[in-house]
Amino acid sequence: MKAFPIILGIESSCDDTAAAVIQNRKILSNVIANQKIHQSYGGVVPELASRAHQQNIVPVVNEAIKQAGINSGQLSAVAFTRGPGLMGSLLVGSSFAKSLSMALNIPLIEVNHMQGHILAHFIEDANESSPNFPLLCLTVSGGHTQIVKIDDYFEMEVLGETIDDAAGEAFDKAGKILGLDYPAGPIIDKLAKEGNPDKFKFSKPKVDGLNFSFSGLKTAILYFIQKEVKENPNFIPENLNDLCASIQKTIVDILMEKLISASEQTGITQVAIAGGVSANSEIRNRLKEMETERNWEVFIPKFEYTTDNAAMIAMAGQLKFEQQEFADLSSKSVAKYKI
Ligand code: KG4
Ligand code: ZN
């Protein structure tokens, strides 16, 4: 029997250097080097990110190959993130992938990072069972907010996306106003558990169709806090849990409202979520509620496959390998890349 192809995936679009090995939808290794360096800046610094990728890429790929229990000669192809992302970061991954494909004389596969987030759902152990088509996916992270309709692995249509900040950015920027560390999303989630989500009301943006906007919310929070702190300098510490719960509820309300509209408009009830914000307990609870309220089938993948990772790039790479869809050495990284 012919052995299944073994694909190496490389992800370097933002601040994580990652490599993973997949065979027949099974992840053999999934290695990631987070760049802690950005924490003190309150966000990703592109120049520092590309330098850190250069330091990390060789050890991360070596580790992925080692943990997979293979040698590089057994690889059938190398897949990498072509975009979207930070140009300096993308270039490190793509140049490395090209060199490796030349050295090993194996095909090169380019992957759209946003498609990768979605295709992660098809990794063998991502969910209890894999979704079918058609499927809706809400991809929400520090860099993305999109609702995508998926008719087949590579037949995707963006139904709506943010016109300014991403949902994770909204969490992070709100957290910054409250004096929380970066990334603030997980901290807000934790503090919100002890808070009253209805204590403070923030107006929601009016955006046409299935698009999102979060920059107005950030400004509304900033002005509100500035006003309150002027009257009571202890306003933030005295109300921190309620503030977090109210901000979280507002962001999740905005996301859920559009996701429900997308499901109503398309008639699709298989709904997936991807991206770092999918860790949020409020969004998870609300999605679960939809299973009974609206008969949705909800897919929330394992956390390691939903934040930026290379397993999703390897998975997309495997699917492209099956279709024999290869790139050549003239492949160019792209900061903006439509699904
Ligand atoms: O996917 P990811 O690790 O990286 C990219 O941004 O691509 O997502 C990181 C984002 C950050 O904005 C972080 O604050 C947010 O996901 N995040 C959360 C939670 N965990 C991570 N936001 C809300 N609640 C969480 N539990
Ligand atoms: Zn991402």
Side-chain angles (χ1 to χ4, degrees), residues 9-18 30 32-36 38-39 41-46 49 80-86 89-90 93 111-121 137-146 148 161-162 165-178 180-193 195 197 214 217-218 244-256 273-287 300-313 315-316 335-337 339:
I10 294 174
E11 155 63 30
S12 72
S13 64
C14 190
D15 61 336
D16 297 304
T17 321
N30 188 20
I32 186 155
N34 300 107
Q35 301 180 2
K36 294 262 177 290
H38 307 284
Q39 253 165 13
Y41 293 89
V44 177
V45 186
F80 69 98
T81 303
R82 182 179 173 216
L86 301 169
S89 293
L90 292 166
V111 173
N112 179 313
H113 177 89
M114 301 306 294
Q115 290 191 342
H117 270 302
I118 294 166
L119 296 173
H121 284 275
C137 185
L138 173 69
T139 309
V140 268
S141 74
H144 348 284
T145 304
Q146 279 189 338
V148 182
E161 60 192 332
T162 183
D165 292 350
E169 230 176 329
F171 273 104
D172 296 337
K173 288 181 175 172
K176 199 172 179 185
I177 297 168
L178 300 179
L180 304 176
D181 284 344
Y182 171 86
I187 306 171
I188 292 181
D189 190 357
K190 199 163 158 223
L191 293 169
K193 289 191 170 49
F214 289 101
L217 176 64
K218 172 195 65 193
C244 287
S246 303
I247 290 167
Q248 174 170 282
K249 178 172 189 291
T250 310
I251 295 172
V252 174
D253 278 349
I254 295 169
L255 294 169
M256 288 305 296
I273 186 167
V277 179
S278 68
N280 184 265
S281 44
E282 174 72 12
I283 200 157
R284 283 174 174 239
N285 290 341
R286 299 276 286 278
L287 283 167
I300 305 174
K302 273 190 178 173
F303 192 60
E304 66 254 42
Y305 299 146
T306 196
T307 54
D308 282 353
N309 68 87
M312 68 186 200
I313 304 302
M315 181 66 233
K336 290 199 163 75
Y337 193 7
I339 267 184

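Just follow the structure's listing: the first ligand is 1, and inside any ligand the first atom is 1.
Not close to ligand 1: C14, with no non-hydrogen atom less than 4.0 angstrom away.
What sits closest to atom 14 (O) of ligand 1 on the protein, heavy atoms only, is D172 OD1, 2.7 Å. Here the heavy atom of the protein found nearest to atom 19 (C) of ligand 1 is P186 N, 3.7 Å. The protein heavy-atom contact nearest to atom 3 (O) of ligand 1 is T307 CB, 3.4 Å. Looking at atom 26 (N) of ligand 1, its nearest protein heavy atom turns out to be D189 OD2, 2.9 Å. The closest protein non-hydrogen atom to atom 7 (O) of ligand 1 is D308 OD2, 3.0 Å. Taking atom 15 (C) of ligand 1 as the reference point, the nearest protein heavy-atom neighbour is V277 CG2, 3.9 Å. G142 N, 3.4 Å is the protein heavy atom nearest to atom 10 (C) of ligand 1. Nearest protein neighbour of atom 23 (C) of ligand 1, counting heavy atoms only, is N280 ND2, 3.4 Å.
Distance check for C14 against the Zn ion (ligand 2): none of its N/O/S atoms falls below 2.8 Å.
Interface atoms of ligand 1 facing P183, defined by a heavy-atom separation under 4.0 Å, are 13 (C), 14 (O). Those atoms of ligand 1 with a heavy atom of A279 less than 4.0 angstrom away are 20 (N), 26 (N). Atom numbering of ligand 1 starts at 1 in the shown order; those under 4.0 Å from a heavy atom of G168 are 12 (O). Here is the list of ligand 1 atoms found below 4.0 Å of a heavy atom in G143: 6 (O).
The nearest pair of heavy atoms linking F214 to L255 is CZ-CD2, 3.9 Å. Annotation for A166 and S141: closest pair CB-O, 3.4 Å, computed over non-hydrogen atoms.
With the Zn ion (ligand 2) as the vertex, NE2 (H113) and NE2 (H117) define an angle of 90°, rounded to 10°. Here the angle at the Zn ion (ligand 2) defined by OD1 in D308 and NE2 in H144 stands at 160°, rounded to 10 degrees.
Exactly one of T307, N309, D308 qualifies for a side chain to side chain contact (heavy atoms under 4.5 Å, CB included) with D16. That residue is D308. When each of V140, N280, I247 is checked for a side chain to side chain contact (heavy atoms under 4.5 Å, CB included) with V252, only N280 meets the rule.
When the shell of 6.0 Å around NZ of K193 is examined, it contains more than 12 heavy atoms from other residues, nucleotides or ligands.
A distance-only check finds a donor-acceptor pair linking the side chain of T250 to the backbone of S246 [under 3.5 Å]. Under the 3.5 Å distance criterion, the side-chain polar atoms of D172 are left unmatched by any main-chain donor or acceptor of P183. D189 places no side-chain N or O within 3.5 Å of a backbone atom of G185 that could act as its donor or acceptor partner.
One side chain, E11 or T81, offers a donor N or O that lies under 3.5 Å from an acceptor on the other. Side-chain contact check for H117 and T139: no donor-acceptor pair (N or O, by modelled atom type) lies under 3.5 Å. With 3.5 Å as the limit, one finds no donor-acceptor pair spanning the side chains of N30 and E304.
Proximity annotation for atom 21 (C) of ligand 1: of A184, G185, G276, G276 comes nearest, heavy atoms only.
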